[in-house]
Each structure stands twice: as structure tokens, then as C-alpha cells.
Amino acid sequence: MTYDSPHLYRKLGRERGVDDQVLDRAMRQISRLRAAGVTPVLTLNHLAHLTGAKYGYLRRIVARELDPYTEFTRQRRTGGKMRLISAPQPVLRDVQRWVLDRILHRIPVHPAAYAYVPGRSVAACARCHIGARYLLKFDLHDFFQSISEYRVFSVYRSLGYQPLISLELARLCTRDSAAVFGRRTLTAPQVERYQAIPAYRSGSLGFVPQGSPTSGAIANLVTRRLDTGLQRLAVSAGLTYTRYADDIVLGGSDAFDREHCRKLVREVRKIVRHNGFCLQEKKLRIIPPGARRIVLGVVLTDDGITISREVKDRLAKHLFGADRFGIHRHAEHYGFTSVFGFANHVTGLLAFAADIDPGYARPLIRQWQAIESRSGV
């Protein structure tokens, strides 16, 4: 159905027996969404038409009758605990990509957010802190899991979508906690408001899964108020603030004072809690002058950035092992649940290295491509 001409839209609606008042409301809604810069979506059936997905398939996902995700683990770029990745099956993935391109990527994100934003990168984020004498580093605990279906619903409502389609879009971009953890970990009293469609009632809220095309963009939109609060704190204290997904860094170039840093930590903790997140206290770091300064695995020097020795060692280990023993055996030896997850991890490390030092990364990329070719990956 075309919206280019309101006259044609109204004519087609009348031919199909749609009441004029219904057509008027639809046209007003289309105008409001266009003014907001996003693609109009009026109903779930309309979304199915726009994306080419089957309405029944989308309806079953929204009703939480389907959990169309494949799980695998992936090592973090900086090492440590493995991340659970939820990869959507092809049809849902394509729908989410449509939502990302036609809706989410059309909304500006905070300038201090560097992850999942075209044109921004780890290297660009780290460069913001070149010359800082000290750093305050924080991690948000269970970042994606903390972003509930209701918070995603609120994002779509804030863009101008009606409540029902906002709920449906939120369900398509989240995953039921019961399907992942085997229990209802998030209660959902708000969902009981949707009485019009009994099949949509749920005793638990979904959460944003890491691995879906829409998850990063949603996270950036949900955290806009958090970014604004922390940016305001940073400016008042003469600091530079950046956030890369769940990694928060405040860098200062003036005189260092530990008591002042402790006060800043208390303020950061208060702002984070006020915005529905919590800090991973074990990863809180105060980096004083003279200490080694690392941001997102990138080493800061007085006038630039370099790749950390830890990242170089991890790349050397994986390339040597995959070359000598094969990708499958090496991935299994290091605890990856799938070759796909391991290959993605190495590819991500190489892209990270290329962004910082292309000359160092170029021969390693050629070596990895040859390994992949021999292994049939």
C-alpha cells in the first residue's frame, strides 16, 4: 500500500470498505511518524506486508509461542567470561534489519555513545581520552538483559507509534526470559494492560538479546537519558565522558585527587541507578597518573593509541592454533560452543586491530582468510 498520495490511500481504503474516520486516523498517524523521520507502521499485518514476512509467523513470536533464536557463546574481545549470543533465525533477522534501517537508525544517538553507531568505533572512542592524566572506568552489570521489553515498548511509543504496534515491535526485538533461563526472571505487571488481545498477555517481560540486529541501536536509545546525565556530570567536573555499550569511561587532565574521584564514583553510581542500571562493582577502576592507561583494550600513549599486548597475544594464539590444529579443534579446545562463534570472535579481533594499526593487522587478516579457506568455514 502506498502513502505517497493521501488521495490514492483514501480511495483504496474506500474501495475496501474502510470507514472514513478510520482512514482519517490512519492518515494522521502516518503524518506524525513521517514528521518524526521514521517509517509508518500501523499494524502487525502492515509490518508483515512491508517486510515480506508471514503475518502468522510474526504473530506467534509476539505471543511468545515461538523462540526463533540460535544460541552460542563468544569470548569477549578483552578476554574473561564468555558472552551468550542469541542469533535470530533468518526471517526474524530480516524483519529486525528492516526495523533497524527504517526506524531505529533514523533516530540520533547521544554523541558520547560509540558502539553500534555507523561511523563510530572503538578506536574513535579511545582517542577521546588521549592526554588524560587519570581515568575512571565502569562496567554496567548485565547490560542487555537489564533492558526489558517494557523499556523497548517505551522507545517506540516515544517515536509516535500507537500502543499496540509498539508492543508488537518490542516483542519482535526482545526475547522471553523464560525461554532463555528456564524460568520467569522478569515480572511484567505492565503487560496486563493489554487486554484487547488475550494471546499477548504474559507473566514475564522479554529482554534485549545480544546478537540481534536491533539490540545495539535499542540500547543506545534506551540509554540516552543515562548518557545525558553522565555527560552533564563530566562537563561540571571538567572530564571527558564516553560509553561503548556497557563500558563507561571518564577521563580527566587536571590535578588528580583520590577523594574527588571517590565523590565522582558515588555520583556516577547514583545516576546509573536512577536510569535503571547498576554498576559491576568488581570492574570499577580508578587509573591514577603514571599508571598504564587502557580503554576498551586500546593502550593510550601521550600522543596516540596502540593495540594492547594482551590482544596481540590472543590473536597470535588463535591464528597459530587454528592453523596448526584446524579451526574446529582449536575452537572446541578453548570452549567455544560453535565454530561460527569462534570465527566471529577472531574476525572481530582483526577488525579491531585494523582500526587501530592497519599495517600490523593486514598480514594477519590474509593469514586468517587462508585458514578459513582451508577449513571450509
Side-chain angles (χ1 to χ4, degrees), residues 41 44 47-48 51 53-74 76 81-101 103-105 115-116 140-157 161 164-194 197 199-223 245-246 276-278 337-338 340-341 344:
V41 181
L44 187 64
L47 180 65
T51 61
K54 291 183 179 180
Y55 168 76
Y57 173 78
L58 299 182
R59 175 69 180 258
R60 291 184 67 195
I61 296 173
V62 172
R64 299 303 192 198
E65 296 174 6
L66 282 181
D67 180 48
Y69 290 88
T70 300
E71 293 181 357
F72 61 91
T73 56
R74 181 176 180 180
R76 298 163 190 260
K81 184 180 177 182
M82 303 286 275
R83 292 184 187 272
L84 174 66
I85 304 298
S86 300
Q89 293 175 359
V91 175
L92 177 59
R93 180 194 62 211
D94 290 344
V95 171
Q96 290 176 345
R97 284 177 175 167
W98 187 95
V99 171
L100 179 67
D101 293 338
I103 299 175
L104 300 174
H105 267 174
Y116 315 111
L140 298 177
H141 182 63
D142 286 340
F143 179 54
F144 285 98
Q145 189 180 330
S146 299
I147 303 174
S148 71
E149 167 192 319
Y150 188 70
R151 298 177 81 172
V152 182
F153 165 85
S154 299
V155 166
Y156 289 113
R157 285 293 289 135
Y161 291 96
L164 180 56
I165 189 61
S166 293
L167 169 68
E168 291 165 334
L169 286 168
R171 289 274 178 91
L172 291 171
C173 297
T174 58
R175 195 177 178 198
D176 189 3
S177 58
V180 181
F181 305 108
R183 62 188 186 279
R184 298 184 185 277
T185 60
L186 300 167
T187 56
Q190 300 96 334
V191 178
E192 293 305 314
R193 294 167 51 197
Y194 302 103
I197 304 179
Y200 285 2
R201 296 176 189 172
S202 173
S204 65
L205 284 176
F207 67 97
V208 171
Q210 189 167 3
S212 289
T214 50
S215 294
I218 287 172
N220 281 337
L221 295 178
V222 167
T223 52
D246 55 353
F277 296 95
C278 66
T337 55
S338 74
F340 176 72
N344 265 329

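- Counting heavy atoms from C-beta on, the side chains of Leu172 and Val99 never come closer than 4.5 Å.
- Arg93 has its side chain within reach of Pro213: a pair of non-hydrogen atoms, C-beta onward, lies under 4.5 Å apart.
- Between Thr51 and Asp94 there is no side-chain heavy-atom pair separated by less than 4.5 Å.
- Proximity of a side-chain donor or acceptor of Ser154 to a complementary backbone N or O of Tyr150 within less than 3.5 Å is detected.
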Point to revise | Verdict with supporting geometry, Glu168 and Tyr200, side chain to side chain contact (heavy atoms under 4.5 Å, CB included) | key: CA-CA 9 Å; Glu168 291 165 334; Tyr200 285 2; 2.8 Å; yes
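- Using a distance-only test at 3.5 Å, with no hydrogens or angles considered, a donor-acceptor pair links the side chain of Asn220 to the main chain of Ala115.
- Not counting sequence neighbours, His105 has no partner by the side chain to side chain donor-acceptor pair (under 3.5 Å) test.
- We find the CG-CD1 distance between Asp67 and Ile61 to be 9.0 Å, quoted to the nearest 0.5 Å.
- Judged as a side chain to side chain donor-acceptor pair (under 3.5 Å), and not counting sequence neighbours, Arg151 has no contacts.
- A distance of 8.5 Å separates CD in Gln210 from CG in Leu84, rounded to the nearest 0.5 Å.
- For the pair Ser166 and Arg157, the minimum side-chain heavy-atom distance is below 4.5 Å.
- Of all heavy-atom pairs between Cys173 and Gln96, the closest is CA-NE2, 4.1 Å.
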Point to revise | Steps toward side chain to side chain contact (heavy atoms under 4.5 Å, CB included) verdict (Val41, Trp98) | key: CA-CA 12 Å; Val41 181; Trp98 187 95; 3.8 Å; yes
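- Ser215 places a side-chain heavy atom less than 4.5 Å from the side chain of Pro209.
- Scanning for ring-ring contact (aromatic ring centres under 6.0 Å, His included) contacts around Tyr69 gives an empty result, with sequence neighbours left out.
- The shortest heavy-atom contact between Ser177 and Leu205 is OG-O, 3.6 Å.
- Within the 4.5 Å cutoff, no side-chain heavy atoms of Phe207 are placed close to those of Asp142.
- Checked against side chain to side chain donor-acceptor pair (under 3.5 Å), Glu71 has the following partners two or more places apart in sequence or in another chain: Arg175.
- Contact annotation: the side chain of Phe277 approaches that of Ile147 to within less than 4.5 Å [non-hydrogen atoms, C-beta and beyond].
- One distance of note links CG of Leu44 with CG of Leu164; it measures 8.0 Å at 0.5 Å rounding.
- Pairing each heavy atom of Gly211 with each of Ile85, the nearest pair is CA-CG2, 3.9 Å.
- Under the side chain to side chain donor-acceptor pair (under 3.5 Å) criterion, the residue pairs touching residues 56-66 are Tyr55-Arg59, Arg64-Glu149, Arg64-Thr174, with sequence neighbours excluded.
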Practice item. Kindly determine whether Val208 and Phe143 satisfy side chain to side chain contact (heavy atoms under 4.5 Å, CB included), including the steps that lead there. Key: CA-CA 9 Å; Val208 171; Phe143 179 54; over 6 Å; no
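- Looking only at side-chain heavy atoms (C-beta outward), Cys278 and Leu140 stay at 4.5 Å or farther from each other.
- In terms of heavy atoms, Ala245 sits closest to Tyr116 at CB-CE1, 3.9 Å.
- Take Thr214 and apply the side chain to side chain donor-acceptor pair (under 3.5 Å) test, not counting sequence neighbours, and it matches no residue.
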Exercise for review: Starting from the C-alpha separation in whole Å, work towards a yes-or-no answer on side chain to side chain contact (heavy atoms under 4.5 Å, CB included) for Ile218 and Tyr156.
Suggested key: CA-CA 10 Å; Ile218 287 172; Tyr156 289 113; 4.3 Å; yes
